[in-house]
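Data block below; observations after.
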Amino acid sequence: MQLVALYTTPERRRRRNGTEQKAARMTSLQMSAKEEMVEKFLDAAARGDVVLVTAHLAQLPSVINQTGYSGWTALMLAARNGHYDVVEKLLSHGCDKCLVNSSSQTAYDIAKFWGHRHISNLLSRTDEGSQRVLPGSEVSPQENYFSREMLDRLSGKRTDKTWLESKHSDPDTVYLMFSKLNPMVSMPQEDDGGETKLCRFRYEAVKDLLQKPATVLIFLGVEKRKNPSSSSDAVQEPPAWFAIGSDEDAVELLKRCREKNCCFPKSPHRDLLKLNEEEAGVVAQARSVLSWHSRYSFCPTCGSSTSLEEAGYKRSCLNSECRSLQGVHNTCYPRVDPVVIMMVIHPDGNQCLLGRKKMFPPGMFSCLAGFVEPGESLEEAVRREVEEESGVKVGPVHYVSCQPWPMPSSLMMGCLAVAMSTDISVDESEIEEARWFPRQQVIDSMFKGSRPTFSVPPRQTIAHQLIRHWIGINSNL
Ligand SMILES: NC(=O)C1=CN([C@@H]2O[C@H](COP(=O)(O)OP(=O)(O)OC[C@H]3O[C@@H](n4cnc5c(N)ncnc54)[C@H](O)[C@@H]3O)[C@@H](O)[C@H]2O)C=CC1
Ligand SMILES: [Mg+2]
Ligand SMILES: [Mg+2]
Ligand SMILES: [Mg+2]
Ligand SMILES: [Zn+2]
């Protein structure tokens, strides 16, 4: 294994490789203020100066994953030099522990190589036995795309008709417009960083739609307060958000919006992944509830018509004789489909099992996944789906994190699993090919290193995050 030796000052650090030699020719005057700050931050981490590291993070939080001229992050430098308190501080600020240096080493690899076991343990929380290939829980919980909750759902208000009505006409209330389950968005302009944004409407622009019987109105929640102690917040309620599902012609709906470049995305699987994290969370909630309404127009128990209640979170049967009106019936509430998605690790700990469906773009491989069946535990669903799709037998299963997937309403539960057998025999009806990929090959594909032999799904998918997670906690020493 090749490991670059460690330097303790920015000057010495820059002397090491090609990039660094180039940097060494630079005088500090030529460095931008930002670059200089990054170098000082990295230097503090390498020296174990936790006070200075904390000060830099407070001043410029984005510095946390920067690599500077050495190609090493602060976490790697602190891990190299055995500075436990700096590693702890960086992790508590949510640093990315999956990043690799030019030798494909994570901070975990580096800590392990230099014998800082207390740090490698902190980075992986490895247990004994089979956990050699299956490290345990994350230091900080992982947040996946579609998972962020910017709204407080206030489910207790769903039955408060007076409060809801007052919010309908409140000038601060935000309405989102959906047509055929897709939100109206303004497509990226050159000057806004390429982000798709939700079109937000006020009451005056949509009040006629609210009167139409075919319109579905969902109360999504109120904005979470960013600074709850501020005195003006105490008297003023934060804005409420609603989603409107309309059956009006999409072209007519678009005319209501004053923003430029508005549309209803044609390909949700692609276009809904371009929102910012907060808006993605709102879309996950709204789209799944609206899709439930579109698929469950009639009572699943007796086939009668239903009425929409509880601000869009319930459909009650209009047939007074119906069984669904006695007791609590899950047919009356929005559905969620549990799905397991798993990163299967080879018994040698250094390869993972990825598969591709026929519909995937050429060259793309992903984690295996499948719906949980009734009366089945997560662990059993993982074992069954992996064996069905690849013929590989799985032993221990660890839950990592989950992701709501609003196409239309899945909850993807991400797991790591250890294989007990290695022969592959794919279920050709679902999977075109499944293979064991060595860690180095996965790193090359993930970080676009040398000669990637395959591609992985985009960062917004939990599949991508599970693969990164494995790279971050599993060393190939
Ligand atoms: N976010 C991510 O990273 C990923 C998300 N996914 C999602 O996971 C879901 C499940 O993965 P698959 O491999 O397709 O599952 P799967 O391996 O269970 O096979 C799907 C088949 O199972 C049947 N099925 C059983 N229960 C079903 C239900 N409740 N809804 C629909 N079909 C059901 C259908 O015949 C369907 O064709 C997919 O909807 C896909 O969108 C899949 C991979 C990655
Ligand atoms: Mg599957
Ligand atoms: Mg399957
Ligand atoms: Mg299945
Ligand atoms: Zn009924």
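For ligands, and for the atoms within them, numbers begin at 1 and follow the listed sequence.
Inside a 4.0 Å radius of atom 8 (O) of ligand 1 there is at least one protein heavy atom. Contact annotation for atom 36 (C) of ligand 1: protein absent (non-hydrogen atoms, distance under 4.0 Å). Checking atom 40 (C) of ligand 1 against the protein gives no heavy-atom contact under 4.0 Å. Under the 4.0 angstrom criterion, atom 23 (C) of ligand 1 counts as lacking any protein heavy-atom contact.
Residue nearest to atom 15 (O) of ligand 1, selected from G355, A381, P458, G370: G370 (by heavy-atom distance).
Remark: distances from the non-hydrogen atoms of M407 to ligand 1 are all 4.0 Å or more. At least one heavy atom of E389 sits less than 4.0 Å from an atom of ligand 1. Note on ligand 1: K357 sits in its first shell, one or more heavy atoms being nearer than 4.0 Å.
At least one N/O-N/O distance between Q403 and ligand 1 falls below 3.5 Å. At least one N or O atom of A369 sits closer than 3.5 Å to an N or O atom of ligand 1.
Contact annotation: for V339 versus ligand 1, heavy atoms closer than 4.0 Å belong to the side chain alone. When non-hydrogen atoms are compared, ligand 1 lies under 4.0 Å from the side chain of I341 (C-beta onward) but not from its backbone. At a heavy-atom distance under 4.0 Å, atoms from both the backbone and the side chain of F371 approach ligand 1.
Under 2.8 Å from the Mg ion (ligand 2), one finds the following protein N/O/S atoms: A369 O, E389 OE2, E430 OE2.
The closest side-chain heavy-atom distance from L75 to L123 is below 4.5 Å.
Among all non-hydrogen protein atoms, the one lying nearest atom 13 (O) of ligand 1 is E430 OE2, 2.8 Å.
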